[in-house]
**Student:** 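Quick one: structure below, then a few questions.
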Amino acid sequence: MMLHKGEVLFRQGDACHTLYHVKSGLFKVTRLHENGNMVLFNILYPGETVPHHSLITPKETHGTATAMVRSEVETIPAAEWYRQLQEEPGKALEIAMLLQEKVRFMQTRIDHLTAGTPGERLELLTRWMNEYSHGVPLTEMLTQEEIGQLIGVRRETVNRLLRAPS
C-alpha cells in the first residue's frame with residue numbers, strides 16, 4: 001500500500017484489525033489529549049511493524065500515524081499475525097527483536113535530547129531524518145511546533161534556529 005505525504009495510515013482509537021510493516025518512508029505519530037493538546041510522540045521508519053503496543057495482543061491505536069513523505073507499507077491482517085504468534089515459536093523472537101530495535105531508537109532519541117545546545121539537537125534530528133527522507137527538508141515534513149517537541153524546545157526557538165545563518 002502506498003501513502004503520499006499527509007495521508008493517514010491509522011487513527012487514534014482505531015481497533016487493531018491490521019498491523020503494518022513500514023517498507024519505505026516516514027510517519028509521524030501524534031496523540032490528541034483530552035485537553036486539546038496535540039503531541040508528536042513517535043516517528044515510524046522503514047523496518048518497523050506497528051502499532052508496537054499491539055504486537056503481542058490487540059489494543060486500539062494510541063495515536064494517529066500520518067505519512068511525512070511518500071511511503072510504502074505492507075498490511076498484515078491482525079488475526080493472521082496473532083495466529084502465527086501462537087503457532088510459530090520463532091515469531092516471539094521476531095517481535096522481541098522489533099521491540100529491541102525500537103528501544104534502541106528511543107535511546108538514540110534520548111541521547112539527542114540530552115545533547116548540548118538546541119542547535120546541536122536540531123542538527124542531530126536533521127541528520128537522523130535525512131537518513132530516511134531522501135532529500136526532503138525537515139521543515140517540509142514537520143511543523144516548527146513538532147520539531148520543537150522532538151528536540152525539547154519551544155516553537156519560537158526552532159524558528160530562531162532555522163533563521164540563523166549556517
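Values below: every heavy atom of this structure, side chains too, minus hydrogens, waters and symmetry copies.
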**Student:** Is the backbone N or O of F10 less than 3.5 Å from a side-chain atom of D14, with the two atoms forming a donor-acceptor pair by type?
**Tutor:**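 Side chain of D14 to backbone of F10, a donor-acceptor pair under 3.5 Å: no, none is there.
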**Student:** Contact between M2 and S71 at the side-chain level, heavy atoms closer than 4.5 Å - yes or no?
**Tutor:** no
**Student:** Applying side chain to side chain contact (heavy atoms under 4.5 Å, CB included) to L150 and R109, what does each step give before you reach the verdict?
**Tutor:** CA-CA 8 Å; L150 288 175; R109 290 289 309 125; 3.5 Å; yes
**Student:** Please say whether more than 12 non-hydrogen atoms of neighbouring residues, nucleotides or ligands are located less than 6.0 Å from CZ in R83.
**Tutor:** yes
**Student:** Compare every heavy atom of L32 with every heavy atom of Q12, then report the nearest pair and how far apart it is.
**Tutor:**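 In terms of heavy atoms, the two residues are closest at OE1-N, 2.8 Å.
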**Student:** Applying the 4.5 Å side-chain criterion to the ILVMFWY set and letting contacts propagate, would F41 and V153 be lumped into a single cluster?
**Tutor:** no
**Student:** Considering only heavy atoms from C-beta outward, does the side chain of H33 approach that of V39 to under 4.5 Å?
**Tutor:**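 Counting from C-beta outward, H33 and V39 do come under 4.5 Å.
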**Student:** At their closest point, which heavy atom of L3 faces which heavy atom of A67, and how far apart are they?
**Tutor:**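 Result for this residue pair: CB-CB, 4.2 Å.
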**Student:** Assigning hydrophobic clusters by single linkage (Ile, Leu, Val, Met, Phe, Trp, Tyr; side-chain heavy-atom cutoff under 4.5 Å), is L113 placed with V158?
**Tutor:**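 No, L113 and V158 fall in different hydrophobic clusters.
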**Student:** From the options E87, E80, Q86, select the one residue that forms a side-chain hydrogen bond (donor to acceptor under 3.5 Å, both in side chains) with Q84.
**Tutor:** E80
**Student:** Nearest 0.5 Å, please: how far is SG in C16 from CD in E60?
**Tutor:**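 One finds 9.5 Å between CD of E60 and SG of C16.
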**Student:** Work out which heavy atom in Y82 is nearest to a heavy atom in T57; give both atom names and the distance.
**Tutor:**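 Closest approach of Y82 to T57: OH-C, 3.4 Å.
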**Student:** Side-chain heavy atoms nearer than 4.5 Å, only ILVMFWY residues, links allowed to pass through others: does that put L26 and L9 together?
**Tutor:**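 No.
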**Student:** If you measure from CD1 on I151 to CG on L122, what distance do you get to the nearest 0.5 Å?
**Tutor:** 5.0 Å
**Student:** Please evaluate residues L98 and E48 with respect to the criterion side chain to side chain contact (heavy atoms under 4.5 Å, CB included), reporting the C-alpha separation (whole Å), side-chain torsions for both, the decisive distance (0.1 Å), and the verdict.
**Tutor:** CA-CA 7 Å; L98 290 168; E48 291 196 84; 6.0 Å; no
**Student:** For the CD atom of E101 and the NE2 atom of H52, what is their distance to the nearest 0.5 Å?
**Tutor:** 9.5 Å
**Student:** Carefully, step by step, assess H53 and H62 under the rule side chain to side chain contact (heavy atoms under 4.5 Å, CB included).
**Tutor:** CA-CA 8 Å; H53 67 279; H62 191 68; 3.8 Å; yes
**Student:** When the ring centroid of F105 is compared with that of W128, is the distance short of 6.0 Å?
**Tutor:**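 Yes: the rings meet the under 6.0 Å criterion.
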**Student:** Could you check whether the rings of Y45 and Y132 sit parallel, tilted or perpendicular, using 30° and 60° as the cut-offs?
**Tutor:**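 Taking Y132 first and then Y45, their aromatic rings sit tilted (interplane angle of 30° to 60°).
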**Student:** Less than 3.5 Å apart, any donor N or O on the side chain of N42 or K28 sitting next to an acceptor on the other?
**Tutor:** no
**Student:** Under 3.5 Å, side chain of K5 to main-chain N/O of E140, donor-acceptor pair present?
**Tutor:**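 It does hold such a pair.
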**Student:** Let me confirm one number: the CD1-CD distance from I95 to Q100, rounded to the nearest 0.5 Å.
**Tutor:**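 Reported value, rounded in 0.5 Å steps: 14.0 Å.
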**Student:** Indicate yes or no: at least one non-hydrogen side-chain atom of H21 is less than 4.5 angstrom from one of T49.
**Tutor:**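 H21 vs T49: side chains touch.
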**Student:** Run the numbers on L19 and L55 for side chain to side chain contact (heavy atoms under 4.5 Å, CB included), then give the verdict.
**Tutor:** CA-CA 8 Å; L19 285 92; L55 292 176; 3.7 Å; yes
**Student:** If you count heavy atoms of other groups shown closer than 6.0 angstrom to CZ of R70, is the number above 12?
**Tutor:** no
**Student:** Would a 4.5 Å heavy-atom cut-off, applied to side chains only, mark E145 and M38 as touching?
**Tutor:** no
**Student:** Any sub-3.5 Å donor-acceptor pair from T66's side-chain atoms to G6's backbone N or O?
**Tutor:** no
**Student:** Are side-chain heavy atoms of I76 and Y20 found at a separation under 4.5 Å?
**Tutor:** no
**Student:** Give a yes or no on whether L161 and M141 share a hydrophobic cluster (residues Ile, Leu, Val, Met, Phe, Trp, Tyr; joining criterion: side-chain heavy atoms under 4.5 Å apart).
**Tutor:** yes
**Student:** Give a yes or no on whether the backbone of H4 and the side-chain of E7 come within a donor-acceptor separation of less than 3.5 Å.
**Tutor:** yes
**Student:** Cluster partners of V8, using ILVMFWY side-chain heavy atoms under 4.5 angstrom, listed by chain and number?
**Tutor:**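 V8 clusters with nothing; isolated.
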**Student:** Do L162 and L138 belong to the same hydrophobic cluster, where Ile, Leu, Val, Met, Phe, Trp and Tyr are linked whenever their side-chain heavy atoms lie under 4.5 Å apart, directly or via other members?
**Tutor:**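 The answer is yes; both residues are in one hydrophobic cluster.
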**Student:** Could you tell me the separation between the CD1 atom of I147 and the CZ atom of R121, rounded to the nearest 0.5 Å?
**Tutor:**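 So the CD1 of I147 and the CZ of R121 are separated by 13.5 Å.
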**Student:** For the residue pair T18 and W81, establish whether any side-chain heavy-atom pair is separated by less than 4.5 Å.
**Tutor:** no
**Student:** Using 0.5 Å steps for rounding, measure from the CE atom of M68 to the CG atom of L142.
**Tutor:** 3.5 Å
**Student:** Check the pair R127 / E131 against salt bridge (Lys or Arg N to Asp or Glu O under 4.0 Å), numbers first and verdict last.
**Tutor:** CA-CA 7 Å; R127 271 194 262 149; E131 292 179 32; over 6 Å; no
**Student:** Hey, are the side chains of V22 and F27 touching, using non-hydrogen atoms and a 4.5 Å cut-off?
**Tutor:**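 Yes. Closest side-chain heavy atoms under 4.5 Å.
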**Student:** Would you say Q149's side chain and L40's backbone share a donor-acceptor pair under 3.5 angstrom?
**Tutor:** yes
**Student:** Between E94 and K91, does at least one N-O distance fall below 4.0 Å, as a salt bridge requires?
**Tutor:** yes
**Student:** Could you tell me which non-hydrogen atom of S54 sits nearest to which non-hydrogen atom of K59, and how far apart they are?
**Tutor:** OG-O, 3.0 Å
